[in-house]
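Quick notes on the structure that follows.
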Amino acid sequence: MSTPSGFDELIHPSTRLSVVALLAATEWADFPFIRDSLSLSDSALSKQLHTLEEAGYLEIRKEGGGRKRRTKVRLTSRGRTAFEGHVAALQAIVEGAGPAAAAAKAPEAAAPTASVTQQRQHHAKAGR
């Protein structure tokens, strides 16, 4: 099976996918909110944010100074497009793995099921 168009290896790791999904639901998010929502350490979140920022998927803004310094994060339009494409690719993978897709890909695989059903009906009629 080939990888669907839009699948994004950079977003796919679970931590990055969680970060991007959280940010997709908002305009801006504060660093502590993201950290606490995803149960990450400061360093783990910083690393993921830096990776996504380098790819152009995030904008990071630092406001204030000293102890009152706040870090705010948002998805860029490139990041939002990448996330939407990745979600569509994941949906295509999941839909392609369902029972209907398997029957459509291999109609001969559906035949034994019908045969088994017919055998059961025959045995039921015969009183077996």
Check whether any side-chain heavy atom of [X] lies under 4.5 Å from a side-chain heavy atom of [Y], and answer yes or no.
X: Ile60; Y: Lys72; result: no
X: Leu52; Y: Arg16; result: yes
X: Leu22; Y: Phe33; result: yes
X: Leu23; Y: Phe83; result: no
X: Ile93; Y: Phe7; result: yes
X: Val19; Y: Leu45; result: yes
X: Glu59; Y: Trp28; result: yes

Distance-minimising heavy-atom pair for [X] and [Y]:
X: Leu40; Y: Thr15; result: CD1-CG2, 3.8 Å
X: Leu38; Y: Ser18; result: CD2-CB, 3.8 Å
X: Pro4; Y: Ala89; result: CG-O, 3.7 Å

Arg35 CZ to Gln48 CD distance, which is reported to the nearest 0.5 Å: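 These two atoms lie 15.5 Å from each other.
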Inter-residue atom distance Glu84.CD - Asp8.CG, 0.5 Å rounding: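 Between Glu84 CD and Asp8 CG, I get 12.5 Å after rounding to 0.5 Å.
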Residue pair Tyr57, Leu10: steps toward the side chain to side chain contact (heavy atoms under 4.5 Å, CB included) verdict: CA-CA 10 Å; Tyr57 290 179; Leu10 184 75; 3.5 Å; yes
Parallel, tilted or perpendicular: rings of His12 and His86 (30°, 60°):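 Rings of His86 and His12: perpendicular, as their planes differ by over 60°.
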Asp30: which of Arg69, Arg70, Arg61, Lys62 passes salt bridge (charged side-chain N to carboxylate O under 4.0 Å, His left out): Arg70
